[in-house]
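Nothing here was measured: the structure is a model prediction, and the numbers come from that model.
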Amino acid sequence: IVYSRPVLVPSEAGGEKDAEVGIVSDAFTTARELYDITERSKALADIAEKQAKNGDKSGAKTKFETAIATAMEIYVIPERSKALVEIARKQAEAGMFRDAFSTAMEIYDITERSKALADIAEKQAKNVVKSGAKTTFETAISTAMEIYDITERSKALVEIARKQSEARMF
């Protein structure tokens, strides 16, 4: 899916940075026009992740906040949970771990929340944020323990254990 309408061309006066800002702005405008709220929130998170990876963490933070606010408009709770999981994952991919953790804690569905926390912890560990990863894994485990259905709880705990092992958090 392409979210941008690149209308700016790098000029000698503005340089490539201005063109990138213009493309991100165009992409953001286009994404906000998406009718489907779930897809809109995911597109906004996608743009924010790319913006953060390009070094504009403060701009990305604002766009992630817009993505979260958009996701919170989703009335169907499982769909809202899935959108928030996607946003939290993208925040973690962008290295914005505290924000990712906060977003994950907003996820109503306990199973989805525990999965998101495990994903965040795995990314923290891979980015050498071991103490943060340990805490996030512990939160993921305690969240998974709240899952009422024993089969779903077991699946969540297996997934967390797999991610711990991949992150070499023994």
Chemist: Is Glu152 salt-bridged to Lys155, cutoff N-O under 4.0 Å?
Modeler: yes
Chemist: I'd like to know if the side chain of Thr103 and the backbone of Asp99 have a donor-acceptor N/O pair within less than 3.5 Å.
Modeler: yes
Chemist: Any chance you could lay out the salt bridge (Lys or Arg N to Asp or Glu O under 4.0 Å) test for Glu49 and Lys53, step after step, and finish with the verdict?
Modeler: CA-CA 6 Å; Glu49 176 193 9; Lys53 286 183 174 180; 3.1 Å; yes
Chemist: Please check if the side chain of Lys126 supplies one atom and the backbone of Glu166 the other of a donor-acceptor pair under 3.5 Å.
Modeler: no
Chemist: Looking only at non-hydrogen atoms, find the nearest pair between Ala144 and Ala156 and report the distance.
Modeler: CB-CB, 4.0 Å
Chemist: Thinking salt bridges, do Lys42 and Asp46 make one under a 4.0 Å N-O criterion?
Modeler: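 Salt bridge: no.
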Chemist: With clusters built from Ile, Leu, Val, Met, Phe, Trp and Tyr whose side-chain heavy atoms come within less than 4.5 Å, directly or transitively, what are the remaining members of the cluster of Leu84, listed by chain and number?
Modeler: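 Besides Leu84, the cluster holds Phe64, Ile68, Met72, Val85, Ile87, Met96, Ile107.
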Chemist: Work out which heavy atom in Ile120 is nearest to a heavy atom in Ala104; give both atom names and the distance.
Modeler: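 The answer is CD1-CB, 3.8 Å.
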Chemist: Testing the basics here: between Lys63 and Ala48, what is the closest heavy-atom pair and its distance to 0.1 Å?
Modeler: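 Reported closest heavy-atom pair: CB-CB, 3.6 Å.
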Chemist: Which pairs, with at least one residue in residues 135-151 and sequence neighbours excluded, count as a side chain to side chain donor-acceptor pair (under 3.5 Å)?
Modeler: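 Only Gln124-Thr136, Lys134-Glu138 qualify under side chain to side chain donor-acceptor pair (under 3.5 Å).
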Chemist: Please report the interatomic distance CZ(Arg153) to CD1(Ile110), rounded to the nearest 0.5 Å.
Modeler: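 One gets 10.5 Å once the value is rounded to the nearest 0.5 Å.
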Chemist: So, do Glu159 and Lys163 sit near enough that their side-chain heavy atoms are less than 4.5 Å apart?
Modeler: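 Yes - at least one pair of side-chain heavy atoms lies under 4.5 Å apart.
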Chemist: About how many Å separate CZ of Arg98 and CD of Gln91, when rounded to the nearest 0.5 Å?
Modeler: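 The CD atom of Gln91 sits 13.5 Å away from the CZ atom of Arg98.
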Chemist: How close do Ala67 and Ala45 get, heavy atom to heavy atom, and via which atoms?
Modeler: CB-N, 3.8 Å
